S.K.: 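This is the structure I want to talk about, given as structure tokens.
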There are 4 protein chains.
Amino acid sequence: MVDEDTSGAGRRSVGAQRSQESAEAILEAAQQVLSESGYAGFSIEAVARRARAGKPTIYRWWPSKTALLLDVYQRQKRDVVYPDTGSVEEDLFLFMVSLFRQWRETPTGNIFRSILAEAQSDPETTAALSAYSEARRQNTGQIIVRALSRGEVKAGTDPKIVADLASSYAWSHLLTDRLNENEDTIRQAVRILVHGIRA
Amino acid sequence: MVDEDTSGAGRRSVGAQRSQESAEAILEAAQQVLSESGYAGFSIEAVARRARAGKPTIYRWWPSKTALLLDVYQRQKRDVVYPDTGSVEEDLFLFMVSLFRQWRETPTGNIFRSILAEAQSDPETTAALSAYSEARRQNTGQIIVRALSRGEVKAGTDPKIVADLASSYAWSHLLTDRLNENEDTIRQAVRILVHGIRA
Amino acid sequence: MVDEDTSGAGRRSVGAQRSQESAEAILEAAQQVLSESGYAGFSIEAVARRARAGKPTIYRWWPSKTALLLDVYQRQKRDVVYPDTGSVEEDLFLFMVSLFRQWRETPTGNIFRSILAEAQSDPETTAALSAYSEARRQNTGQIIVRALSRGEVKAGTDPKIVADLASSYAWSHLLTDRLNENEDTIRQAVRILVHGIRA
Amino acid sequence: MVDEDTSGAGRRSVGAQRSQESAEAILEAAQQVLSESGYAGFSIEAVARRARAGKPTIYRWWPSKTALLLDVYQRQKRDVVYPDTGSVEEDLFLFMVSLFRQWRETPTGNIFRSILAEAQSDPETTAALSAYSEARRQNTGQIIVRALSRGEVKAGTDPKIVADLASSYAWSHLLTDRLNENEDTIRQAVRILVHGIRA
DNA sequence: ACCTAAGCGAGACGGTACGTCTCGTCTTGCG
DNA sequence: CGCAAGACGAGACGTACCGTCTCGCTTAGGT
């Protein structure tokens, strides 16, 4: 991004219009807080402090902690690669390994864990999470759809169920701090799925 | 009397002992609070109020909210059936369906969701959850172990990985409010796993 | 814009200011609690409850129970009359009697007793009380200073010592519940002091 | 012992008797706590801990913190010297100086401050303090009584009032941490009293 | 010499208050 | 008129004592 405020010396308040700078600073601060302190330290107070923003400014634009959280996730998430090697096993394996790595090595893992946590007490987040994960399964399912069209996979296989099994496996590793799972183990898991559906 | 006073500091009094009634009332109250107000309303204060117990009594026996939460779950959970029908598919299917039902129809589902949420901000809970889920996978793995000994399943199959795939599938349904998943879908998921490992 | 940014951290906003209403309500509540339940029932919690104020609001402005106590006393105390009748005996007698009456008939007596009690366990209050009583002796001493200038009193008399003797006499009556002391007795005590210093 | 078993209940055994050792240890511990931490740190818990005694043992014999406090004071107080030099001024001066010194250099000062503090919220202590201070004034008054019989002091002087003035002066110095008062100042104060009553 | 009631140290109990933290809202003055 | 700063009511946090109530033991009369 060009010309970003490196000094930290402070934004100037300019009056009546929504300050894009502020919004940006708030999202940036929220993401930093999540990265550094995780969900436990993620409080509106902490974000406001970090962003040098007033709490009401945050509440004005994000009705809840949850909304801010989701926004941060949207902002952070990079396009995950859905590989297309011609082999469903390789595709799923690469997808899984790269997802594990992304969660492990970028703030996305912490952020997503936070959203999962938040969703357990906030219905709005539950809904957002449902929609999001549904969409993700759709995407992941494309790997299977392509395999179906190649005839690599048994006709009648429901791509969503396979995608569900695969991403569930990833989630549970995220939730129980097992993102550094051995690659052999991941390959075995993927192979079970693939053998279970091969033509 | 034989002189057996081995040390001058010897304690001659043991003090009052833990009141089982209180412990019971606290666990019961904790469960009620969780059921009624969910994880969001689950505070030590609320539990103490409900149990007509003093806060220090709770803190004396449960060092953290987390510990109480885990205890509540242990208490609530009824023995899940690990069926042994002679068919690995049937076994896994029945296990999965009964787990979904238990989570759906008793407070255990909500309690476990709370624990999962808590584990995302409290490292101690993360550890406890890891240990617990590991043990559970071990149990679930028994279904596979039996199938292995029957020769129903390919030699070399790692029971833990299968159990991991199965319980991950259950977890993600719990977390995204999909416990009322269609039984056909569950069966298809199970079948994929089973076909993936059959001899 | 003229460059008057004297420090990089220059504050450009002052934030909300102290609510005079709250301060008033808190002092009022504190006084009520003291009047009704005495020092024993005087807790920050009770004051907050009565004032419908948050505890942090109290702690923000009064660092300790003590500080609040002193403020309540300052607020309550009406100007004590230091009479100037031209007779040192009459002046001291009227002062003493009016002080006894104020302590007896207004909450000030109980409040001051509380401060004396608090000062015995809290060093900060001890210091505040010392400063306060020193100032009071200074005031009371004016009666003697005037008498000195009239030549009514022996040259070289230290006004502070006389004031000390007089107010000590009042304190000890307050502390041992003898504020309804016979006026004749008070007059005799005053007379001893006055005869002891007359020219 | 005469037969006074009036009830049919026929309890014959009187059980174990009060342990003098425990009582002693408790009083000793209480005194130590008061000396070291003052009234602020004087809690039943602290005393029990220090005495290696159970709290109920304390409550069995001393119904309240106050009662224990008074007992400690009774135990500690040494006979104060009421000098008899033939000069009322010298007698009062020596009495005052030795009282200041005792309070300054032994735990009695702290203990008496504690009682004064306690008396401000506990009526029972107020009563005990009143009775005690009355008796003390009686004693101190003996100095005046002797002076009266020597004709050193004006007939009609009320010894109690003089004693009241003197001990009030001492109290207020104790309460405001002025026990290290200059001896000249003390002498001046005493001289005022003595001149005020001389024949 | 046994019995047994009471005293004992230890400590758990239901409570209250402590002083701190964060929540989400409200208020003030700057720009 | 939107912003930062921050005060506010509310209420949970985890701790210290309160005064009461068991526990098992020790102890010392009375029989």
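Note on naming: letters A, B, ... go to the chains in the order of the sequence lines (proteins, then strands), and numbering restarts at 1 for each one. Keep in mind that what you see is a predicted model, and the values were worked out from it rather than measured. These numbers come from the heavy atoms of this one structure, side chains and all, not from hydrogens, waters or symmetry mates.
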S.K.: Rounded off to whole Å, could you give me the CD-to-P distance for the C:Glu45 and E:dC18 pair?
M.R.: 6 Å
S.K.: What residues from residues 58-67 of chain B pass a heavy-atom cutoff of under 4.0 Å to DNA chain E?
M.R.: B:Arg60, B:Trp61
S.K.: Starting at atom CZ of A:Arg49, determine the distance to atom C1' of E:dT22, rounded to an integer number of angstrom.
M.R.: 9 Å
S.K.: So, OP1 or OP2 of F:dG9: does either fall under 4.0 Å of a side-chain N or O from C:Ser22?
M.R.: yes
S.K.: Which whole-number value in Å describes the distance from A:Phe42 CZ to E:dG24 P?
M.R.: 11 Å
S.K.: Taking the cut-offs as 6.0 angstrom to the six-membered ring centre and 45 degrees off its axis, would you call B:Lys65 and B:Tyr59 a cation-pi pair?
M.R.: no
S.K.: Starting from the 5' end of DNA chain E, give me the residue, C:Ser43 or C:Pro56, whose nearest nucleotide shows up first.
M.R.: C:Ser43
S.K.: Does a donor on one side chain sit under 3.5 Å from an acceptor on the other, for D:Thr66 and D:Thr125?
M.R.: yes
S.K.: Quick one: does any side-chain atom of A:Thr126 pair with a main-chain N or O of A:Asp122 as donor and acceptor, under 3.5 Å?
M.R.: yes
S.K.: Rounded to the Å, how far apart are C:Ile44 CD1 and E:dC18 P?
M.R.: 6 Å
S.K.: Count the heavy atoms belonging to other residues, nucleotides or ligands that lie under 6.0 Å from CZ of B:Arg75, then report whether that count exceeds 12.
M.R.: yes
S.K.: Taking atom C1' of E:dA12 as reference, at what distance in whole Å does atom NZ of D:Lys55 sit?
M.R.: 10 Å
S.K.: Does one side chain, of B:Tyr132 or B:Gln74, offer a donor that lies under 3.5 Å from an acceptor on the other?
M.R.: no
S.K.: Can you see which heavy atom on B:Trp62 is nearest to which on B:Asp71, and at what distance?
M.R.: NE1-OD2, 2.9 Å
S.K.: If you pin C:Ala51 and B:Gln17 to their nearest nucleotides in DNA chain F, which one's is more 5'?
M.R.: C:Ala51
S.K.: Check the distance between E:dG9's C1' and D:Glu21's CD and give it to me in whole angstrom.
M.R.: 13 Å
S.K.: Any donor-acceptor pair under 3.5 Å linking the side-chain atoms of A:Gln32 with those of A:Glu36?
M.R.: no
S.K.: Check whether any side-chain N or O of A:Arg52 sits under 4.0 Å from OP1 or OP2 of F:dC3, and answer yes or no.
M.R.: no
S.K.: Please state how far atom CD in C:Gln20 lies from atom C1' in F:dA7, giving the value in whole angstrom units.
M.R.: 13 Å
S.K.: With nearest nucleotides of DNA chain E determined for D:Thr57 and B:Ala48 from heavy-atom distances, which residue corresponds to the more 5′ nucleotide?
M.R.: D:Thr57
S.K.: Over how many whole Å does the gap from D:Ile26 atom CD1 to E:dG9 atom C1' extend?
M.R.: 10 Å
